Enquirer: 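Dropping a structure here in structure tokens format, bear with me for questions.
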Amino acid sequence: MSEVKNLLVLPRLRVQNANAISSPMTWGFPAMSAFVGLMHALERKLAEASLPVALGRVGVICHDFEAQATEGGYIRGFHLTRNPVDKTGGTAAIVEEGRVHLDITLIFSIDTGAVESEHENIAKQIGEIVSGMRIAGGSVIPNRAVPSHKQRPQWVTLDDKEDERYKQFARLKRRWLPGFALTLRDDYLTEHLQTLQQQNPDASLLDAWLDLSRLNHVCTLENEGEPNEKPVWQTQRPYRGWLVPIPVGYGAISDLFQPSEVANARDTKTPFRFVESLYSMGEWVSPHRMKQPEDLLWYVDNDEEAGLYRLNNDYYLRASAQ
């Protein structure tokens, strides 16, 4: 993809009760599809407000994470709310919902026809619009832990010269610390599958994904065969870094149906298709380790002929080339 020319930074947003169940098989930080959905909803609101701005990619940096779940032990449970009584006056069933409080910075890539003198005002208006929106199902509330001047929306026009562009990004990265940006590591998943297949030719991508999603503890014998022989437990980690399993979109499990062809579909004007979640590996990376803005930005990368509706991020392309 082409280089990003403009960035809109919404720093240190406090999000309360965001959705912590990111897919049928993962929980924790919201899925990146939630932030891409926010970007699309925001773009529609900008069109309604007649703001000459188009949003192309989105990145998120997490500064604080407070899962609303019990701590300690091997089993955790979400803090659940008691629902109001139903229409008969009886106690309604509890629907399990996972929630999390977040302190995040959002970064959008921007295409615009606005002149430079309008940038600051547009950034301010976008910040006001986002403050009234939902982010991953959570509410944006005032962040009293951060001074107000550090929460101002910022429009950054990146220079065409590589050295000046590097300096601009370096200044931004310092403002985003401490924090971690979620990046994509498809390369780790592919490479680990090849490693497992050398030991077991029947190993699948699911085996590789599950193996990378956990910490494997292996027992070896120290001083084997001697009187002072003892077992030693070690943790095996095939790759360095903070790796996490993440959903990256959806894969088709049916043909594409025409609008209104499927009963009870939510939208009667849009073609319909049954899908299931797609998974990959992600890595939380400190912003100071990134070389360019594109490293932390996610974008839609669909392949409709193959039935893939997924998100992509280019950090692994640079990281695997090093």
Side-chain angles (χ1 to χ4, degrees), residues 6-23 27-51 53-69 78-81 95 97-110 112 119-156 172-173 175-182 246-247 282 284 287 293 296-300 311:
N6 297 282
L7 292 177
L8 174 69
V9 182
L10 302 179
R12 304 306 294 260
L13 299 175
R14 181 68 175 172
V15 183
Q16 182 173 288
N17 288 329
N19 182 19
I21 302 177
S22 55
S23 77
W27 83 278
F29 196 79
M32 283 306 303
S33 56
F35 297 99
V36 172
L38 166 72
M39 179 178 69
H40 291 160
L42 175 59
E43 196 168 33
R44 289 193 293 270
K45 289 184 177 293
L46 297 181
E48 293 173 1
S50 299
L51 293 177
V53 169
L55 307 177
R57 312 183 214 178
V58 61
V60 58
I61 297 169
C62 183
H63 306 284
D64 192 23
F65 176 94
E66 300 174 25
Q68 302 304 292
F78 289 118
H79 297 166
L80 303 178
T81 57
V95 178
E97 296 179 345
R99 297 184 177 88
V100 60
H101 300 337
L102 301 170
D103 185 349
I104 60 175
T105 291
L106 293 178
I107 303 99
F108 298 98
S109 68
I110 290 180
T112 181
H119 291 178
E120 184 177 349
N121 183 51
I122 291 176
K124 182 179 179 181
Q125 291 183 63
I126 294 177
E128 292 173 351
I129 292 173
V130 170
S131 66
M133 297 179 66
R134 293 276 187 169
I135 298 179
S139 303
V140 180
I141 62 174
N143 192 345
R144 306 189 186 282
V146 179
S148 58
H149 69 275
K150 293 186 178 181
Q151 301 180 51
R152 294 174 187 155
Q154 183 182 12
W155 184 302
V156 181
L172 286 172
K173 291 188 293 183
R175 297 172 188 171
W176 297 337
L177 297 175
F180 290 88
L182 186 60
I246 58 172
W284 287 104
L296 60 86
L297 297 176
W298 291 71
Y299 55 92
V300 176
L311 306 178

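Just so we're clear, the structure is a prediction, and the values are computed from it rather than from any experiment.
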Enquirer: What distance separates Leu42 CG from Phe35 CZ, expressed to the nearest 0.5 Å?
Expert: 13.5 Å
Enquirer: What's the shortest heavy-atom distance between Thr105 and His63, and which atoms?
Expert: OG1-NE2, 2.7 Å
Enquirer: From Lys173 NZ over to Arg175 CZ, what is the distance, rounded to the nearest 0.5 angstrom?
Expert: 13.0 Å
Enquirer: More than 12 heavy atoms of other residues, nucleotides or ligands under 6.0 Å from CD of Glu128: is that the case?
Expert: yes
Enquirer: So Met32 and Ile246, side-chain contact (heavy atoms from CB on, under 4.5 Å) or not? Walk me through it.
Expert: CA-CA 9 Å; Met32 283 306 303; Ile246 58 172; 5.9 Å; no
Enquirer: Of the non-hydrogen atoms in Gly59 and Leu297, which two are nearest, and what is the gap between them?
Expert: N-CD2, 3.6 Å
Enquirer: I'd like to check Val53 versus Leu8 (side-chain heavy atoms, cut-off strictly below 4.5 Å). Are they in contact?
Expert: no
Enquirer: Hey, does Leu7 have a side-chain heavy atom less than 4.5 Å from the side chain of Pro293?
Expert: yes
Enquirer: Do side-chain atoms of Gln16 reach the backbone of Ile141 as a donor and acceptor pair under 3.5 angstrom?
Expert: no
Enquirer: Yes or no on side-chain contact (heavy atoms from CB on, under 4.5 Å) for Ile122 and Ile110, after CA distance, side-chain angles and deciding distance?
Expert: CA-CA 11 Å; Ile122 291 176; Ile110 290 180; over 6 Å; no
Enquirer: Testing the basics here: between Gly98 and Ile21, what is the closest heavy-atom pair and its distance to 0.1 Å?
Expert: N-CD1, 3.5 Å
Enquirer: Which atom names give the shortest non-hydrogen contact between His79 and Ala69, and what distance separates them?
Expert: NE2-C, 3.3 Å
Enquirer: Do Tyr299 and Leu311 have side-chain heavy atoms sitting under 4.5 Å apart?
Expert: no
Enquirer: Give the ring-plane orientation class for Phe78 versus Trp27, where under 30° counts as parallel, over 60° as perpendicular and anything between as tilted.
Expert: perpendicular
Enquirer: If you measure from CG on Leu10 to CD on Gln154, what distance do you get to the nearest 0.5 Å?
Expert: 10.5 Å
Enquirer: Run Leu46 and Leu55 through side-chain contact (heavy atoms from CB on, under 4.5 Å) and show every step you take.
Expert: CA-CA 10 Å; Leu46 297 181; Leu55 307 177; 4.3 Å; yes
Enquirer: When rounded to the nearest 0.5 angstrom, what is the spacing between CG in Asn19 and CD in Glu97?
Expert: 8.0 Å
Enquirer: Do Cys62 and Trp284 come within less than 4.5 Å of each other through their side chains, counting heavy atoms only?
Expert: yes
Enquirer: To the closest 0.5 Å, what do you measure between CD1 (Ile61) and CG (Asp103)?
Expert: 11.5 Å
Enquirer: Would Glu66 and Arg14 pass as an ion pair if we require N to O under 4.0 Å?
Expert: yes
Enquirer: How close do Ala18 and Pro30 get, counting heavy atoms only, and between which atoms?
Expert: CB-CG, 4.3 Å
Enquirer: side-chain contact (heavy atoms from CB on, under 4.5 Å) between Gln68 and His101: does it pass, once the steps are laid out?
Expert: CA-CA 7 Å; Gln68 302 304 292; His101 300 337; 3.4 Å; yes
Enquirer: Using a 3.5 Å distance criterion without hydrogens, assess whether the side chain of Trp298 forms a donor-acceptor pair with backbone atoms of Leu182.
Expert: yes
Enquirer: Parallel, tilted or perpendicular for His119 and Trp155, by the 30°/60° rule?
Expert: parallel
Enquirer: Is any side-chain heavy atom of Val36 less than 4.5 Å from a side-chain heavy atom of His40?
Expert: yes
Enquirer: So which atom in Ala54 and which in Glu43 form the shortest heavy-atom distance, rounded to 0.1 Å?
Expert: CA-OE2, 3.3 Å
Enquirer: Side chains of Leu106 and Leu38, heavy atoms from C-beta outward: is any pair under 4.5 Å?
Expert: yes
Enquirer: Between Asn17 and Ser139, is there a side-chain heavy-atom distance shorter than 4.5 Å?
Expert: no
